[in-house]
Chemist: 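Sharing a structure with you now.
Predicted model only: the values in this text are computed from it and were never measured.
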Amino acid sequence: MSFPLLTVTAAVPAVGAILTAAVPAARRAAAKWLALLVSLVTLVLAAVVMVRFEPGGDRYQLVESHSWIKDFGVRYELGVDGIGVALIALTALLIPFIILAGWHDADPLETKSSRWRPTQGFFALILMVEAMVILSFEATDVFLFYILFEAMLIPMYFLIGGFGDRAHAGSDENAAAQRSYAAVKFLLYNLVGGLIMLAAVIGLYVVAGNFSLTEIAEARASGQLEMATNTERLLFLGFFFAFAVKAPLWPLHTWLPNAMGEATAPVAVLITAVVDKVGTFAMLRYCLQLFPEASKWATPVIIALALVSIVYGALVAVGQRDIKRLVAYASISHFGFIIMGIFAMTSQGQSGATLYMVNHGISTAALMLVAGFLISRRGSRLIADYGGVQKVAPVLAGTFLIGGLATLSLPGLAPFVSEFLVLVGTFARYPVAGIIATTGIVLAALYTLVLYQRTMTGPVVTEEVRTMPDLRVRELVVVAPLVALLIFLGVFPKPLTDIVNPAVTYTMSDVQQKDPQPEVEAAK
């Protein structure tokens with residue numbers, strides 16, 4: 001039997017989470033270093049997965065398959081395509097930075113009881129989320145994916161509700177109430193989506209007789225499995241609803257600003273840069289592959305909802321007074337671009353959407369983590385409490401600017417390539433939608449530059465800002481690699497496109513779509 005690389009890649013953070021949680025209460029520093037070491041080992045394993053993956057080979061590689069619940073046809077099946085490999089790499093890359101950025105976020109306060117071990121629990125929960133997300137990108141059994149899709153909500157609930165942002169205006173009781181509200185709202189929204197998906201999973205089993213993604217897709221492609229039109233559409237809607245909540249797509253998005261606003265900055269990155277990618281990934285892997293006709297049937301409505309997300313998210317971001325909520329609404333706008341690219345049903349759109357998932361993760365991590373460093377210094381999330389930061393902390397201001405410019409997809413930075421491909425792919429099939437979506441670019445420039453102007457430029461108006469230190473060594477270790485990646489992938493995206501494009505070709509074949517040919521007038 002070949003080495004189970006995919007299982008080991010997901011098992012290392014899971015085992016690491018258990019070991020981290022078991023560290024004695026007095027050894028908080030040991031728990032941090034253990035969690036960081038585990039995340040680095042996972043990153044090495046993810047790099048091995050990338051190296052062993054052959055872009056021109058089979059669709060699903062490094063396959064593992066074992067019987068799990070035999071009576072119900074449930075199997076432990078894993079396999080990765082190019083899209084899964086790219087997102088596994090993104091997840092494994094970001095977790096060490098998230099751990100480093102949150103190095104002191106769970107240190108106990110003097111007012112808290114020392115009997116509870118918050119530090120160990122904080123880092124153990126992050127590693128557990130990493131394990132579940134990686135395994136969800138690897139799963140090719142629908143039931144296994146569903147279990148992971150739901151199970152990752154539990155550690156995220158505790159990370160939001162139990163380890164909230166300390167820079168909260170108001171009393172401790174008010175802050176705790178806001179964190180509790182955000183955590184419960186996150187959980188309820190995603191649980192409702194998951195319950196609807198469960199009904200669709202059961203319906204799929206009734207129709208197909210098993211949960212294997214590859215077997216069902218092959219049977220559908222060969223004509224051995226046929227679904228009634230209404231049945232396929234209902235099943236598609238059950239899956240898509242859950243993924244749209246996770247993504248998040250308007251109007252199912254309202255949990256995200258609360259969750260990101262009340263969570264610590266590293267946990268906010270974990271939400272939008274890692275966990276939410278499971279929703280858009282699943283649209284490509286499950287919706288389009290299992291229900292191709294229903295996907296085409298629903299495309300006009302989904303494109304319209306994506307456009308609303310793009311414009312609405314950007315407009316609301318412009319009016320935000322809270323830095324973290326501004327980034328949250330900007331992410332809603334960006335997820336609109338991703339979903340629009342997926343359902344444009346063009347190779348450029350889907351390649352751009354996949355690249356957008358990766359590039360958005362890196363750019364949002366850079367911006368939000370620097371914002372977290374800024375907020376921890378001033379003790380406030382309100383934009384009005386800042387001004388003149390670049391005079392006292394130029395490195396912090398410079399990295400904040402690069403993260404912001406990446407968010408508005410400045411040419412030369414990684415998100416520009418993906419956003420350009422999404423717009424080109426959308427315009428080729430839906431020109432009106434492509435034109436409307438470009439307004440999101442203009443609005444992104446507005447909210448990003450206004451945010452930078454109000455926080456970083458102008459006179460130093462408060463004593464808290466005047467005494468603000470610049471980025472420390474640990475913080476530079478977090479930010480510098482992310483900035484370097486934004487620049488590298490902005491000028492040389494080929495390593496990612498080589499991995500992603502063959503998987504996109506398979507997806508286009510699933511939905512039996514070809515790229516529209518440009519209309520060129522014959523020369524007279």
Side-chain angles (χ1 to χ4, degrees), residues 17 21 28 98-99 101-130 132 150-193 245-246 248 252-276 316 320-332 364-365 368-369 371-383 385:
R28 291 195 302 273
I98 288 172
I99 290 173
W103 201 251
H104 298 298
D105 285 357
D107 289 348
L109 300 175
E110 293 181 0
T111 57
K112 291 186 177 181
S113 171
S114 60
R115 290 178 296 174
W116 186 47
R117 297 179 292 175
T119 303
Q120 289 86 333
F122 180 76
F123 293 103
L125 290 170
I126 290 174
L127 291 176
M128 188 56 67
V129 172
E130 179 183 24
M132 293 179 181
E150 290 290 87
M152 68 180 69
L153 301 179
I154 300 171
M156 287 306 308
Y157 169 80
F158 288 108
L159 283 170
I160 297 168
F163 301 92
D165 190 357
R166 293 174 179 176
H168 194 290
S171 64
D172 291 340
E173 292 79 9
N174 181 55
Q178 291 294 327
R179 288 197 298 270
S180 177
Y181 172 78
V184 170
K185 189 173 184 179
F186 161 82
L187 188 64
L188 289 178
Y189 266 68
N190 284 275
L191 278 179
V192 170
V245 172
K246 184 85 79 178
L252 306 171
H253 67 286
T254 59
W255 62 268
L256 182 66
N258 295 103
M260 288 185 65
E262 299 304 324
T264 64
V267 172
V269 172
L270 187 65
I271 294 169
T272 190
V274 177
V275 173
D276 287 355
V316 177
Q320 288 301 304
R321 296 180 296 173
D322 183 309
I323 297 173
K324 292 169 70 177
R325 289 179 69 90
L326 185 151
V327 179
Y329 279 105
S331 290
I332 292 169
T364 299
M368 179 59 86
L369 292 180
F373 299 149
L374 178 69
I375 291 168
S376 67
R377 284 158 166 75
R378 177 66 175 83
S380 173
R381 301 180 341 218
L382 298 179
I383 297 172
D385 289 338

Chemist: To check you understand the geometry: which heavy-atom pair defines the closest contact between T364 and V269, and what is its length?
Modeler: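 Between these two residues, the closest heavy atoms are O-CG2, 4.4 Å.
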
Chemist: Within a strict 4.5 Å, meaning less than it, do heavy atoms of the L256 and Y329 side chains meet?
Modeler: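 When only atoms from C-beta onward are counted, Y329 and L256 do not touch, as no gap falls below 4.5 Å.
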
Chemist: So how far is it from N190 CG to D276 CG, rounded to the nearest 0.5 Å?
Modeler: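 Result: 8.0 Å between the selected atoms.
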
Chemist: Taking it one step at a time, do I271 and I160 satisfy side-chain contact (heavy atoms from CB on, under 4.5 Å)?
Modeler: CA-CA 9 Å; I271 294 169; I160 297 168; 3.9 Å; yes

Chemist: Which value, rounded to the nearest 0.5 Å, describes the distance between L127 atom CG and M132 atom CE?
Modeler: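 That separation rounds to 11.5 Å.
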
Chemist: Nearest heavy-atom pair of F158 and F163: which atoms, and what distance?
Modeler: O-CD1, 3.5 Å

Chemist: So which atom in K324 and which in A265 form the shortest heavy-atom distance, rounded to 0.1 Å?
Modeler: NZ-N, 4.0 Å

Chemist: Okay, side chain of W255, backbone of L188: is any donor-acceptor separation there less than 3.5 Å?
Modeler: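 No, W255 side chain to L188 backbone: no donor-acceptor pair under 3.5 Å.
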
Chemist: Do R381 side-chain atoms and G261 backbone N/O form a donor-acceptor pair below 3.5 Å?
Modeler: yes

Chemist: side-chain contact (heavy atoms from CB on, under 4.5 Å) between I154 and M128: does it pass, once the steps are laid out?
Modeler: CA-CA 10 Å; I154 300 171; M128 188 56 67; over 6 Å; no

Chemist: Could you tell me the separation between the CD1 atom of I323 and the CG atom of D385, rounded to the nearest 0.5 Å?
Modeler: 9.0 Å

Chemist: Taking the side chain as everything from C-beta on, heavy atoms only, tell me whether V192 gets closer than 4.5 Å to V245.
Modeler: no

Chemist: Kindly compute the distance separating CZ (F123) from CG (D105), expressed to the nearest 0.5 Å.
Modeler: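 So the CZ of F123 and the CG of D105 are separated by 7.5 Å.
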
Chemist: Might you point out which heavy atoms bring A328 and P257 nearest each other, and give the distance in Å?
Modeler: CB-CA, 3.8 Å

Chemist: Could you please spell out the steps behind the side-chain contact (heavy atoms from CB on, under 4.5 Å) verdict for M152 and K246?
Modeler: CA-CA 11 Å; M152 68 180 69; K246 184 85 79 178; 4.0 Å; yes

Chemist: Quick check: do L187 and M156 have side-chain heavy atoms less than 4.5 Å from each other?
Modeler: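 They are not in contact (no side-chain heavy atoms under 4.5 Å apart), so the answer is no.
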
Chemist: On a heavy-atom basis, which atom in A106 and which in F122 lie closest, and how many Å separate them?
Modeler: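 That closest heavy-atom pairing would be CB-CB, 3.4 Å.
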
Chemist: Show, in sequence, the C-alpha distance, side-chain angles and deciding distance for V274 and E130, and conclude whether the side-chain contact (heavy atoms from CB on, under 4.5 Å) test is met.
Modeler: CA-CA 8 Å; V274 177; E130 179 183 24; over 6 Å; no

Chemist: Check L369 against P266 and note the closest heavy-atom contact, atom names and distance.
Modeler: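 So the minimum-distance heavy-atom pair works out to CD2-CA, 3.9 Å.
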
Chemist: Determine whether I383 and L326 make a side-chain contact, defined as any pair of heavy atoms from C-beta on separated by less than 4.5 Å.
Modeler: yes

Chemist: Please round to the nearest 0.5 Å and tell me the distance separating atom CE of M260 and atom CZ of R325.
Modeler: 10.5 Å

Chemist: Calculate, to the nearest 0.5 Å, the distance between atoms CG and OH belonging to N258 and Y181 respectively.
Modeler: 5.0 Å

